[in-house]
Chemist: 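Below: one structure in structure tokens.
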Amino acid sequence: MSLKRISLIQLGLGGVGRALVQQVIENRERHARQLGVRLNYVALSDSDGLILKKSGFSDQELAIYTDSKTSKGRLREMRNGQVWNGDIQLLNQIKSKNVIVIDVSASDQPIPVLQEARRRDWGIVLANKLPLAGSLKLFQELTESRLTRFETTVAAALPVISTLQLYLLDTGDNIKSIRGCVSGTLNIVCQRLEKSEKFSEIIRDAKAHGHTEPDPREDVGGRDAARKALILARLLGYPLEFKDVVAESLYPKEWDALSIDEFMQKLPELDSRYAKLSQETQSQNLRLRYVIEVADGRCKASLQRLAAHDDLIRASLADSVLAFESERYSPPLIVRGRGSGPRLTASGVLSDILLLAQMM
Ligand SMILES: NC(=O)c1ccc[n+]([C@@H]2O[C@H](COP(=O)([O-])OP(=O)(O)OC[C@H]3O[C@@H](n4cnc5c(N)ncnc54)[C@H](OP(=O)(O)O)[C@@H]3O)[C@@H](O)[C@H]2O)c1
């Protein structure tokens, strides 16, 4: 049987990007045997470099690039590497028939590449939320075709987008509300506050273990959760911009002007506030959670006190949970499980790639 070759252009070779390359290599045989597909990397980029090989990289070459990135190498300094600033002209060199662009960067710089991929009717897979949480116009442009998939933009590989899009909306269900705990960092913060740990130490620890965005304010300020809520809201057809999402920040607004280090140093100033809040909440037999809510054309993200039996409570430390209340599902349909981590996220990206490969 001849294999269907799918050319992959991957933007980003960080934790998720490297895990993805590894999973593509490890599963080659299965992809060939069960799906008749060969995933062929033709380009890899990091923030300022790109390596391109029209015929595709060997697994050995891929391992060299990922190993080099693990030890903080720069693609532009590697053999055949070139400086790259997001210039879409480079795409003209790719002449393959079936192409998928994978955005596992954490930047909005690749947006023109994604737009060009749409114009060429190539597939797009995003783990990067930024393009979809940008302007509504861009969201519509990128997602108008089902050749764009973005499962891992909300709660990593948990089937959140596919549940909403394919199993509920496409089949005519009417969504009344979506509630969820989707910030890995803020789940950890809430649950460790309950164990009387200090707010500042929880954030410091989460940052040190890579559980936060590089700038932890993205999580602690509610912006990361707000972006996820916005993506879900837009799938429901709410015509919202990011500024329309009401997101509660867990630190004072003025701290946005600080450097990351200065912000981290200020955190102990918040310890007593959150210790008090946590004690009060527990004394009322309630639980503290950072919750996104999408309903009635609106979208918000806030710290809430929930009853112990609430659908969102049974999540363990690393879990994300989403509750879809609809005409068919009342009580709600719950999607719950581990919702972060590079390897899990990579598996969700790979699954999106394989779905697209089968549509091509
Ligand atoms: N980690 C998770 O659990 C998780 C879960 C769900 C979604 N995501 C999303 O997945 C994406 C990747 O996450 P990660 O943990 O792998 O992040 P990461 O380790 O910080 O890696 C980001 C990668 O993107 C590259 N990059 C930055 N700007 C770029 C640009 N303009 N063009 C091409 N590449 C660029 C970086 O290059 P340099 O190496 O040069 O810095 C780096 O290789 C993020 O958008 C994140 O929000 C992550």
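Quick note: residue numbers are just sequence positions, from 1. Order of appearance sets the numbers: ligands from 1, and atoms from 1 within every ligand.
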Chemist: Check whether any N or O atom of Leu13, backbone or side chain, sits under 3.5 Å from an N or O atom of ligand 1, and answer yes or no.
Modeler: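 Indeed, backbone or side chain, Leu13 has an N or O that close.
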
Chemist: Is it possible for you to check whether Arg217 lies under 6.0 Å from the centre of the six-membered ring of Phe263, through NZ or CZ, and within 45° of that ring's axis?
Modeler: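 Ring-cation test returns yes.
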
Chemist: Please identify which atoms of ligand 1 are closer than 4.0 Å to at least one heavy atom of Lys129.
Modeler: 47 (O)

Chemist: Judged by non-hydrogen atoms, does Ser45 sit under 4.0 Å from ligand 1?
Modeler: yes

Chemist: Does some side-chain heavy atom of Asp310 sit less than 4.5 Å from a side-chain heavy atom of Arg305?
Modeler: no

Chemist: For Arg28, is there an ion pair with Asp59 - N to carboxylate O distance below 4.0 angstrom?
Modeler: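 Counted as a salt bridge, because a side-chain N and a carboxylate O are separated by less than 4.0 Å.
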
Chemist: Looking only at N/O atoms, are Asp48 and ligand 1 under 3.5 Å apart anywhere?
Modeler: no

Chemist: Ignoring angles and geometry beyond distance, decide whether Ala156 reaches within less than 3.5 Å of ligand 1 through its nitrogen or oxygen atoms.
Modeler: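 By distance alone, the answer is no.
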
Chemist: Against heavy atoms of Gly15, which atoms of ligand 1 measure under 4.0 Å?
Modeler: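 Checking each atom against Gly15, I get 16 (O), 19 (O).
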
Chemist: Checking Tyr167 against Asp173: is there a side-chain donor and acceptor pair closer than 3.5 Å?
Modeler: no

Chemist: Only heavy atoms of Ser340, strictly under 4.0 Å: list the atoms of ligand 1 that pass.
Modeler: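 In order of numbering, the contacting atoms are 3 (O).
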
Chemist: Indicate the atoms forming the closest heavy-atom contact of Leu356 with Leu147, along with that distance.
Modeler: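 Closest heavy-atom pair between Leu356 and Leu147: CD1-O, 3.5 Å.
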
Chemist: Quick check on Lys72 - does any of its heavy atoms sit under 4.0 Å from an atom of ligand 1?
Modeler: no

Chemist: Tell me the contacting part of Ser107 for ligand 1: side chain, backbone, both, or neither, using a 4.0 Å heavy-atom threshold, strictly below.
Modeler: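 Side chain only; the backbone of Ser107 stays clear of ligand 1.
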
Chemist: Just jot down the ligand 1 atoms closer than 4.0 angstrom to any heavy atom of Lys69, in number order.
Modeler: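 In order of numbering, the contacting atoms are 38 (P), 39 (O), 40 (O).
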
Chemist: Is any N or O atom of Asp46, backbone or side chain, closer than 3.5 Å to an N or O atom of ligand 1?
Modeler: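 Between Asp46 and ligand 1, an N or O pair is found under 3.5 Å apart.
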
Chemist: I'd like to check whether Val16 has a polar contact with ligand 1, where a contact means an N/O of the residue lying under 3.5 Å from an N/O of the ligand.
Modeler: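 Yes.
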
Chemist: Between Asp219 and Lys207, does at least one N-O distance fall below 4.0 Å, as a salt bridge requires?
Modeler: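 No, this pair does not count.
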
Chemist: Between Pro342, Ala106, Ala127, Pro214, which one has a non-hydrogen atom sitting closest to atom 9 (C) of ligand 1?
Modeler: Ala127

Chemist: Indicate whether atom 3 (O) of ligand 1 is within a distance of less than 4.0 angstrom of some protein heavy atom.
Modeler: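 Protein heavy atoms within 4.0 Å of atom 3 (O) of ligand 1 - there is at least one.
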
Chemist: Tell me which protein heavy atom sits closest to atom 25 (C) of ligand 1, plus the residue, atom name and distance to 0.1 Å.
Modeler: Gly12 CA, 3.7 Å

Chemist: With under 30° as parallel and over 60° as perpendicular, where do the rings of Tyr65 and Phe57 fit, or are they tilted in between?
Modeler: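 Perpendicular, since the angle between the ring planes exceeds 60°.
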
Chemist: Hey, does the Lys NZ or Arg CZ of Arg273 hover above the aromatic six-ring of Phe199, less than 6.0 Å from the centre and inside 45° of the axis?
Modeler: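 Relative to the ring axis of Phe199, which defines the angle, Arg273 lies outside at least one limit.
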
Chemist: Quick test: of every protein heavy atom, which one is nearest to atom 5 (C) of ligand 1, and how far off is it to 0.1 Å?
Modeler: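 Minimum-distance protein heavy atom for atom 5 (C) of ligand 1 reads Thr345 OG1, 3.0 Å.
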
Chemist: Can you tell me the protein heavy atom closest to atom 11 (C) of ligand 1 and the distance?
Modeler: Ser105 O, 3.3 Å

Chemist: What are the atoms of ligand 1, with element, lying closer than 4.0 Å to any heavy atom of Glu213?
Modeler: 47 (O)

Chemist: Nearest non-hydrogen atom to atom 36 (C) of ligand 1 belongs to which of Gly17, Ser320, Ala157, Ser47?
Modeler: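 Among Gly17, Ser320, Ala157, Ser47, the closest heavy atom to atom 36 (C) of ligand 1 belongs to Ser47.
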
Chemist: How far apart are the C-alpha atoms of Met360 and Ile6, what are their side-chain angles, what is the distance that settles it, and do they pass the side-chain contact (heavy atoms from CB on, under 4.5 Å) test?
Modeler: CA-CA 9 Å; Met360 292 178 145; Ile6 307 290; 4.1 Å; yes

Chemist: Please could you name the atoms of ligand 1 that Gly341 approaches to less than 4.0 Å, counting only its heavy atoms?
Modeler: 2 (C), 3 (O)

Chemist: Which pair of non-hydrogen atoms, one from Ile124 and one from Leu114, has the smallest distance, and what is that distance?
Modeler: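 Answer, listing the atom of Ile124 first, then Leu114: CD1-O, 3.4 Å.
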
Chemist: Take atom 13 (O) of ligand 1 and look for protein heavy atoms under 4.0 Å from it; say yes if you find one, no if not.
Modeler: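 Yes.
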
Chemist: Going by distance alone, is a donor N or O of one side chain under 3.5 Å from an acceptor N or O of the other, for Gln282 and Ser278?
Modeler: yes

Chemist: Which atom names give the shortest non-hydrogen contact between Glu248 and Tyr290, and what distance separates them?
Modeler: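 Glu248 and Tyr290 have their closest heavy atoms at O-OH, 2.6 Å.
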
Chemist: Give a yes-or-no answer on whether the side chains of Glu26 and Gln22 include a donor-acceptor pair shorter than 3.5 Å.
Modeler: yes

Chemist: Between Glu116 and Arg119, is the closest basic N to carboxylate O distance under 4.0 Å?
Modeler: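 Counted as a salt bridge, because a side-chain N and a carboxylate O are separated by less than 4.0 Å.
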
Chemist: Tell me the protein heavy atom at minimum distance from atom 31 (N) of ligand 1, and give that distance in Å.
Modeler: Gln109 OE1, 2.6 Å

Chemist: Give me the nearest non-hydrogen protein atom to atom 42 (C) of ligand 1 as residue plus atom name, then the distance to 0.1 Å.
Modeler: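 Checked against all protein heavy atoms, atom 42 (C) of ligand 1 sits closest to Gly14 N, 3.8 Å.
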
Chemist: Going by the atom numbers of ligand 1, which of them fall below 4.0 Å from some non-hydrogen atom of Thr152?
Modeler: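 Close to Thr152: 6 (C), 7 (C).
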
